Amino acid sequence: MVAALESWVEKGRIVALRETRKMTLEDWGRIFASLEPGPTLDYMGQLIGDVVKGFRANPSNVPGSACRRAVESRKKLLAIYRERLEMRKKHTEDSERTYDLMDGLMSVQDEEGNKLSDEEIVDNTSALVIAGYESASLSAMWVMYCLAKAPDVVQRLRAENIALREKKKGEFITSEDVSSLKYTNMVVEETLRMANTSGTVFRIATRDVEYKGYKFPQGWRVIPWLRYSHTNPEYFEDPLRFNPDRWNVPAKPGTYQAFGGGPRICPGNMFAKMIAAIFIHHLTVGYKWDLVNPDAKIDYLPHPKPSDLAEVTFSRL
């Protein structure tokens, strides 16, 4: 993150979403499969972009369609991960290599000692990289967008995070430090409420359900619209206002589901929040930025983002 932010200063004017995607891809490449920046990772970024564009596309197998391109790109991604997996199996004693997610998937086993198959390892690695990469890069972009419109919030964030930086005396912050940043974590929650990546979840009714006079028969597919509850004035006062202070009081159960809920809640929810808080820390203590097009329209598919991808001017404090 620090290296990325410094590179943005040199450019002076950036398209935030493109830069946060590049930053996140390099982080995720290392964390998930020990991939270093270079042609392979850049190519994977293009493939992941194609897969994401197919998330909510019409299910068409016509050549050139977003759905067809997404399916083909995913096959190419899986091929790259299979190659990485085969390399791991041949060099299991390599002490120089950093332990990553793929190593974890290779070693995990159930109560009976059964391990994941190669296909399960490859599939899980691919799914987690795609999900984590897109959500983390969008969250970082929305942090910059929302804060650019809330200078009073930025001022409070700077005070909290500069105090921590002085306490750390130049050392990087840890997960324990992040938990102490009360206002920073409130900003993370408010950003996710305003612009969470997952607008909906898909479920199947396991039994007949009655809800507000409507009946959902068993077997029906149900699509809860999460953003409706996040912007419902019954649950959040003045819901379209960016107001981190609302999180001084926890949201009512079931009204805030940026990561879903129940047994199928996103397994990376705490990690995602921590990454966003660390980004806010480094961003606010050393840099300033302004939106080039503060009135840009919002595009909603496949995920919400400003039409200009949040172009900003960027410099050191």
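Just so it is clear, the structure is predicted and the values come from calculations on it, not from any experiment.
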Do [X] and [Y] meet the criterion of a side-chain donor-acceptor pair at a distance under 3.5 Å?
X	Y	result
T174	D177	yes
T255	N232	no
R56	H303	yes

Rounded distance (nearest 0.5 Å) linking atom [atom1] of [X] with atom [atom2] of [Y]:
X	Y	atom1	atom2	result
E26	Y133	CD	OH	10.5 Å
T184	E160	OG1	CD	4.0 Å
T200	F202	OG1	CZ	4.0 Å
S307	N293	OG	CG	7.5 Å
S229	R193	OG	CZ	10.0 Å
E134	K53	CD	NZ	10.5 Å

Taking every non-hydrogen atom, the tightest pair across N196 and H230:
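In terms of heavy atoms, the two residues are closest at OD1-ND1, 3.6 Å.
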
Going by side chain to side chain donor-acceptor pair (under 3.5 Å), D100 matches just one of R30, R84, R88. Which one?
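Running side chain to side chain donor-acceptor pair (under 3.5 Å) over R30, R84, R88 with D100 returns exactly one hit, R88.
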
Strictly below 4.0 Å, N to O, side chains only: are D308 and K297 in salt-bridge contact?
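So D308 does not pair with K297 through a salt bridge.
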
Quick one: do E120 and K115 make a salt bridge, cutoff under 4.0 Å?
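Here E120 does not pair with K115 in a salt bridge, since their nearest N and O are not under 4.0 Å apart.
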
Could you go step by step and tell me if R82 and D123 meet the salt bridge (Lys or Arg N to Asp or Glu O under 4.0 Å) rule?
CA-CA 9 Å; R82 287 192 191 94; D123 186 68; over 6 Å; no

Within 45° of the ring axis of W225 and under 6.0 Å from its six-membered ring centre, is that where the NZ or CZ of R227 lies?
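Yes, a cation-pi geometry.
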
Is NZ or CZ of R316 both nearer than 6.0 Å to the six-membered ring centre of Y287 and within 45° of the ring axis?
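No, a cation-pi geometry is absent between R316 and Y287.
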
Which class fits the ring pair [X] and [Y]: parallel under 30°, tilted 30 to 60°, perpendicular over 60°?
X	Y	result
W8	F279	perpendicular
F236	W247	tilted
Y211	F216	tilted

Using the test side chain to side chain donor-acceptor pair (under 3.5 Å), find all partners of D110 that sit at least two apart in sequence or belong to another chain.
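Side chain to side chain donor-acceptor pair (under 3.5 Å) check on D110 returns N114.
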
When hydrophobic residues are tied together by side-chain contacts of less than 4.5 Å, even through go-betweens, does Y300 share a cluster with L309?
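Y300 clusters together with L309.
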
Pair K76-M44, side-chain contact (heavy atoms from CB on, under 4.5 Å): steps then yes or no:
CA-CA 9 Å; K76 294 174 183 176; M44 291 176 68; over 6 Å; no

